[in-house]
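Letters A, B, ... are given to chains in the order of the sequence lines, protein chains preceding strands, and every chain is numbered from 1.
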Amino acid sequence: MGVIVETEAYGGPEDPASHAATVSGRTKRNAVMFGPSGYAYVYRIYGIHWCMNVVTGLDGQAQAVLIRGLDPLDGEDVMRERRGGRDPIATGPGRLSQAIGVTGALQGHRLTSPPLTLEPGWPLSEQAIRISGRIGVRTAADRPYRFYVHGARGVSRHPVNCYRGPPA
DNA sequence: ACTCCGATTGTT
DNA sequence: ACAATCGGAGTA
């Protein structure tokens with residue numbers, strides 16, 4: 001169990017960095033993104049890591065949020081075990097998925113039931129929430145779609161091009 | 001069928 | 001700076 005402290009937004013087909021922006025639109029991989037919100041869109045990256053998104057858009061919009069950082073609240077022992085004895089603090093989408101046991105088996109999983117659920121957190125001050133460009137993307141990297149909690153341990157990086165306030 | 005390469009991470 | 005590692009996406 002933990003608190004999500006870092007996310008990235010990915011728009012629909014109009015967002016060139018999104019998996020939904022394929023020439024064919026909906027594909028076997030991104031099909032879950034095109035469905036209703038509240039489901040897990042899981043994909044494999046570089047043939048090595050699993051990454052998890054939460055579908056956020058209305059049915060057909062293909063919008064999702066990549067979960068990139070988590071501050072554990074409890075169960076750190078289990079997370080450490082899943083991570084092969086390494087630091088349970090899960091920074092980055094790959095490590096995070098490993099820590100909380102996300103694999104392709106959770107593709108399309110509804111996040112309201114075990115084994116993985118998503119619940120509301122609590123409000124944070126405006127100052128605590130920082131915004132930056134997305135990490136790792138080649139295209140549209142300058143879009144202010146990355147949101148993270150200032151100073152949180154689970155945040156992967158504090159990039160230079162961060163700024164305050166809502167997205168332009 | 002075949003090539004290219006990625007919303008990453010760990011090592012050199 | 002680069003390797004690990006593989007299936008999706010694009011081209012044919």
Side-chain angles (χ1 to χ4, degrees), chain A residues 2-57 60-72 76 78-109 111 116 118 129-149 152-163 167-168:
Chain A
V3 181
I4 295 170
V5 294
E6 180 184 354
T7 63
E8 278 177 4
Y10 286 87
E14 309 312 311
D15 181 353
S18 171
H19 287 172
T22 58
V23 291
S24 38
R26 181 181 189 141
T27 68
K28 182 178 181 181
R29 177 174 65 151
N30 65 22
V32 175
M33 286 182 86
F34 283 82
S37 60
Y39 290 80
Y41 165 50
V42 181
Y43 67 94
R44 186 107 97 153
I45 185 66
Y46 293 100
I48 304 173
H49 311 284
W50 295 106
C51 294
M52 194 193 81
N53 295 249
V54 177
V55 178
T56 54
Q61 289 186 329
Q63 294 170 345
V65 167
L66 173 68
I67 310 302
R68 288 190 55 96
L70 185 87
D71 276 6
E76 294 192 38
V78 181
M79 296 184 190
R80 181 181 287 105
E81 188 175 336
R82 290 200 189 98
R83 300 243 314 120
R86 281 164 299 196
D87 194 340
I89 302 290
T91 64
R95 291 164 158 182
L96 169 51
S97 296
Q98 185 180 33
I100 65 178
V102 165
T103 70
L106 283 182
Q107 181 71 278
H109 170 71
L111 279 324
L116 185 62
L118 180 68
I129 301 175
R130 302 299 169 96
I131 304 174
S132 82
R134 293 174 290 191
I135 294 177
V137 298
R138 322 281 278 192
T139 61
D142 54 331
R143 293 196 188 187
Y145 286 177
R146 175 170 176 258
F147 302 85
Y148 60 96
V149 179
R153 300 182 63 194
V155 173
S156 58
R157 321 188 338 214
H158 287 81
V160 289
N161 62 332
C162 64
Y163 39 88

Heavy atoms only, 4.0 Å cut-off, all strands: where does A:Leu66 land among base, sugar-phosphate and nothing?
base
B:dC5 to C:dC2 separation - P atoms, rounded to the nearest Å:
16 Å
Out of A:Ile100, A:Val3, A:Thr91, A:Val5, which one pairs with A:Leu70 under the side chain to side chain contact (heavy atoms under 4.5 Å, CB included) rule?
A:Ile100
Given 3.5 Å as the limit, does a donor-acceptor pair link the side chain of A:Thr7 with the main chain of A:Val65, or not?
no
Which nucleotide in the list B:dG10, B:dA7, C:dG10 gets nearest to the side chain of A:Tyr43?
B:dA7
Residue A:His49, side-chain heavy atoms: nucleotide from B:dA7, C:dG10, B:dT9 that is nearest
B:dT9
Closest to the A:Arg138 side chain, choosing from C:dT5, B:dG6, C:dA9:
B:dG6
So, A:Tyr46 and C:dA4: ring centres less than 5.5 Å apart, planes less than 30° off, yes or no?
no
Is a salt bridge present between A:Asp15 and A:Arg134, judged by a nitrogen-to-oxygen distance below 4.0 Å?
yes
I need the CZ-P distance between A:Arg44 and B:dG6, as an integer number of Å.
18 Å
So, is A:Arg68 near the phosphate of B:dA7, with a side-chain N or O under 4.0 Å from OP1 or OP2?
no
How would you label the contact of A:Arg29 with the nucleic acid (heavy atoms, under 4.0 Å): base, sugar-phosphate, or nothing?
sugar-phosphate
Please tell me if A:Thr22 has a side-chain N or O lying less than 4.0 Å from either OP1 or OP2 of C:dA9.
no
Rounded to the nearest Å, what distance is computed from the CD1 atom of residue A:Ile45 to the P atom of nucleotide C:dA4?
17 Å
Does A:His109 reach the main-chain N or O of A:Leu116 with its side chain, forming a donor-acceptor pair under 3.5 Å?
yes
Establish, with yes or no, whether the OP1 or OP2 oxygen of C:dG10 is under 4.0 angstrom from a side-chain nitrogen or oxygen of A:Ser24.
yes
Given Watson-Crick and G-U pairs under 3.5 Å, DNA chain B in dot-bracket ([ ] crossing, | other strand) is ||||||.||||.
Any donor-acceptor pair under 3.5 Å from A:Glu8 side chain to A:Arg68 backbone
no
Could you check whether any side-chain N or O of A:Arg95 sits under 3.5 Å from a backbone N or O of A:Gly92, counting only pairs where one atom can act as donor and the other as acceptor?
no
Is there a donor-acceptor pair closer than 3.5 Å between any side-chain N or O of A:Asp71 and the backbone N or O of A:Val155?
no
Could you check which of B:dA7, C:dA4, C:dA9 has an atom nearest any side-chain atom of A:Asn30?
C:dA9
If only side-chain N and O atoms of A:Arg95 are considered, is one of them under 4.0 Å from the OP1 or OP2 phosphate oxygen of B:dG10?
yes
Would you mind reading off the distance between A:Trp50 atom CH2 and C:dA4 atom P, rounded to a whole angstrom?
21 Å
